Every structure is written in C-alpha cells, then in structure tokens.
Amino acid sequence: MTELSISTVAGVFDAIAAGPPDGRPALLLHGFPQTGLVWRRQIEALAAHGFRVVAPDQRGYSPGVRPRRPEEYRIGLLVDDVVAITEALGWEAFDLVGHDWGGAVAWWTADAHPGRVRTLTVVSTPHPAALAVALRTDEDQRERSRYMIDWRDAPATEERMLAHDAQELRTVYAGKVPQDSAAAYVRHLSRPGALTAALNWYRAGRPDGAIGVIDVPTLYVWSTQDSAFGAAAAQETARWVNGPYRFEALQGVSHWVPEEAPETLNHLLLEHLRAHGGYGTAAQPPFAHSPKR
C-alpha cells in the first residue's frame, strides 16, 4: 500500500492506495472513530484481484480538509468530497464501499450520482430512510441511537473521550478492533482539533433534502451484534433499493465488521463485484456529470 495526497477544491485529502493504476476503481469510505486504515484487509484483497483501491481519510480526519464549523460537515458536502476525490483520481465510474458514517455517505452518493457508482457496498449502516423509519417505530433503535444525541455536546464530549489517555475513546472499539489499529486511531484523533472535527459529523444537522430509492447494484452487510444499528432498520433497508440487492447478516459479529470479520467481508465483497462487472477489468460506463437531483 502507498500513501496519497489528493488535491480537491475542498483541500488535500490523505489516503492509502493499492493495486494497478489502470485497475477497476474502488473507493472505500471509513466511519467514526477510524481512518482509511480500517480497510487494510479489504485493500489487500481487492488489489490482489486487479482493482485500483483508494481509501481516503474523510473530511475532518484529513488535516488538509478540516473546517471548524459543524455545518461544514453536512451530508451534501461529504458527497461532494466523494465526487471531488474521484474526479481528481480521473475516475469516471467506481465501486463504492462504506462503513459506519462512510456507509451513510455511500448511500447518499449512490442516490445523487447513480451514473458514476458502478456498485454499492455498505457495511453496518442501513439506508438512511430505513433508519428514519426505525427511529420512528422501534424503541430498540431509538435506544441504540441515543449516543448520537449525546455526542453533540461540545466540547464536553471530546474532553471526556480524551481524558485519562483517551480511555473512553478506546472503549468505543469494544475490544473488537486490532490493538495496533485502535492505537493508531487514538493517536490520530488525539491531535489538536481532530476529534472535534470527527464529532462534527454528528453535529452538522439534518440533511438538506430527502434520500430516494437506490438504483445501483447493492450489497448490504449487517451484523447481529451491532450495537448501533438494530434488526428493524437492517430489514427495512430492502424496501429502499430498486437495483439488484443482496443482504447478508453476519451472526455473532459486532459493529466493527471490516476488522473483526475481514475474510468473510472480503468474500462477500468480491462476489458482489464479480456479479456486476467481473473483477478488475470491467469497462466503465459513460461519465455522468450531473447528479440525480
């Protein structure tokens, strides 16, 4: 794997990459509180099958794109970052993979830019509209999501998370993330301004508009021991995908799927990509400049 600096109108994104430069493009989006490193095992697997894989540190996680105001982390701007990164890479179309907050960005990107997203794979995070339904109708999901409200309290949340050698931040990983990776995430988020920027994703406010039904081929991987997302939202997600859809529930696995069950996820991901264009040499569709809406 190599390190990249990707220049965009928003700033410079740090990223890790692997695979042949002319391979089939795949963009992998991390969530909270991690970085592109979360995809290390998936990057290796995809690159071995001929993909050109890039995993950026997203807005706020990259020091070169770290605005101060919470409203500068609205979902529309996060989607714009995906478009800007892929255009800077010269990608007309790409496979999109996301986990946690990266999964939310991936859902919104596939809705807004279906002509550019060849396939969608989302790990853990249900379709945003499915989550909204569950929050209205399912008390279990409301309890699971309460932390999202609690973490909006600034600066108390970051002060609490970083106190005593970041003890509370370390507990978020629940012992399911490899120790070296968790230590790297904590070091990254302990730098001045980094954790506040990451928490601003929770403080940015509601999306500007509504998300629609997804038309691109979609794989959704959920795990039965996910502490953040319950079964109601996971099962509701099928109603929000019109394209080819595959749902996989991993038994006994927690929220941290890419690192806790990497081989299982790699197998499902490669099957999905092969089913919709083969491995790393599929022809790309025409460039679609304008979004869906």
Side-chain angles (χ1 to χ4, degrees), residues 24-31 36 38-39 42-43 45-46 49 51-56 58 75-76 78-83 85-87 89 91-132 207 210-223 229 233-250 257-258 264-280 282-288 291-293:
R24 175 173 160 180
L27 189 74
L28 281 55
L29 304 177
H30 69 85
V38 65
W39 299 113
Q42 288 69 48
I43 293 170
L46 291 174
H49 285 90
F51 286 82
R52 177 59 176 173
V53 194
V54 175
Q58 294 201 79
I75 195 69
L78 303 174
V79 171
D80 289 346
D81 289 343
V82 172
V83 174
I85 288 169
T86 54
E87 289 185 345
L89 293 168
W91 293 357
E92 296 182 351
F94 53 95
D95 298 292
L96 183 59
V97 183
H99 172 250
D100 189 78
W101 261 113
V105 176
W107 284 116
W108 282 93
T109 302
D111 176 60
H113 301 276
R116 299 202 61 195
V117 177
R118 179 186 289 110
T119 69
L120 174 66
T121 301
V122 179
V123 184
S124 302
T125 315
H127 186 287
L131 179 59
I211 189 171
V213 176
I214 304 302
D215 296 323
V216 304
T218 299
L219 167 65
Y220 175 40
V221 181
W222 174 74
S223 46
F229 303 114
Q235 294 165 0
E236 172 72 14
T237 292
R239 297 184 57 242
W240 295 90
V241 182
N242 269 345
Y245 180 64
R246 180 177 179 180
F247 173 57
E248 291 287 342
L250 306 186
V257 176
T264 300
L265 179 58
N266 291 351
H267 175 75
L268 293 171
L269 179 56
L270 286 165
E271 278 194 343
H272 178 56
L273 298 177
R274 180 171 55 187
H276 302 284
Y279 281 140
Q284 297 183 7
F287 193 2
K292 183 177 179 180
R293 285 192 300 274

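For this chain, numbers begin at 1 and follow the sequence in order. Because the structure is predicted, anything quoted here is derived from the model rather than measured. Just so it is clear, the values below take in all heavy atoms, side chains as well, and ignore hydrogens, waters and symmetry mates.
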Asks: Any side-chain heavy atom of Arg52 within less than 4.5 Å of one from Trp91?
Replies: yes
Asks: Considering non-hydrogen atoms only, spot the tightest contact between Gly36 and Ala55 and give its length.
Replies: O-CB, 3.8 Å
Asks: Under a 3.5 Å threshold, yes or no: a donor from one side chain and an acceptor from the other, between Ser124 and Asp100?
Replies: no
Asks: What residues, two or more places apart in sequence or in another chain, satisfy ring-ring contact (aromatic ring centres under 6.0 Å, His included) together with Trp222?
Replies: none
Asks: So, Arg24 side chain and Gly277 main chain: donor-acceptor pair closer than 3.5 Å or not?
Replies: yes
Asks: Specify the closest pair of heavy atoms between Thr237 and Pro126, including all atoms of both residues, with the distance to one decimal.
Replies: OG1-CB, 3.3 Å
Asks: Nearest 0.5 Å, please: how far is CD in Glu87 from CG in Asp80?
Replies: 10.0 Å
Asks: Quick check: closest heavy atoms across Pro56 and Leu29, and the distance to 0.1 Å?
Replies: CG-CD2, 4.1 Å
Asks: Between Leu265 and Trp39, is there a side-chain heavy-atom distance shorter than 4.5 Å?
Replies: yes
Asks: Can you find a heavy atom in the side chain of Leu28 that is under 4.5 Å from one in the side chain of Val53?
Replies: yes
Asks: Any side-chain heavy-atom pair from Arg246 and Leu268 closer than 4.5 angstrom?
Replies: yes
Asks: Which pair of non-hydrogen atoms, one from Val79 and one from Val105, has the smallest distance, and what is that distance?
Replies: CG2-O, 4.2 Å
Asks: Could you go through Asp111 and Ile214, starting from their C-alpha distance and side-chain angles, then the distance that decides it, and tell me whether this counts as side chain to side chain contact (heavy atoms under 4.5 Å, CB included)?
Replies: CA-CA 6 Å; Asp111 176 60; Ile214 304 302; 3.7 Å; yes
Asks: Between Leu273 and Leu46, is a side chain to side chain contact (heavy atoms under 4.5 Å, CB included) present by the stated rule, with each step listed?
Replies: CA-CA 10 Å; Leu273 298 177; Leu46 291 174; 3.6 Å; yes
Asks: Once you measure the plane-to-plane angle for Trp240 and His127, does it fall in the parallel (<30°), tilted (30-60°) or perpendicular (>60°) bin?
Replies: parallel
Asks: What distance separates Leu96 CG from Arg118 CZ, expressed to the nearest 0.5 Å?
Replies: 11.5 Å
Asks: Please report the shortest heavy-atom distance between Tyr220 and Thr125, naming the atom on each side.
Replies: CE1-O, 3.2 Å
Asks: Indicate the atoms forming the closest heavy-atom contact of Thr121 with Leu269, along with that distance.
Replies: OG1-CD1, 3.4 Å
Asks: Is any side-chain heavy atom of Ile75 closer than 4.5 Å to one of Ile211?
Replies: no
Asks: Give me the ring orientation class for Phe247 and Tyr245: parallel if the planes are under 30° apart, tilted from 30 to 60°, perpendicular past 60°.
Replies: parallel
Asks: Has the side chain of Glu248 got a donor or acceptor atom that lies under 3.5 Å from a matching backbone atom of Leu219?
Replies: no
Asks: Within a strict 4.5 Å, meaning less than it, do heavy atoms of the Pro258 and Val123 side chains meet?
Replies: yes
Asks: Roughly how far apart are His272 NE2 and Thr218 OG1, rounded to 0.5 Å?
Replies: 6.0 Å
Asks: I'd like to check Phe94 versus Leu89 (side-chain heavy atoms, cut-off strictly below 4.5 Å). Are they in contact?
Replies: no
Asks: Side chains of Thr109 and Arg116, heavy atoms from C-beta outward: is any pair under 4.5 Å?
Replies: no
Asks: Find the distance between CG (Asn266) and NE2 (His49) and round it off to the nearest 0.5 Å.
Replies: 9.5 Å
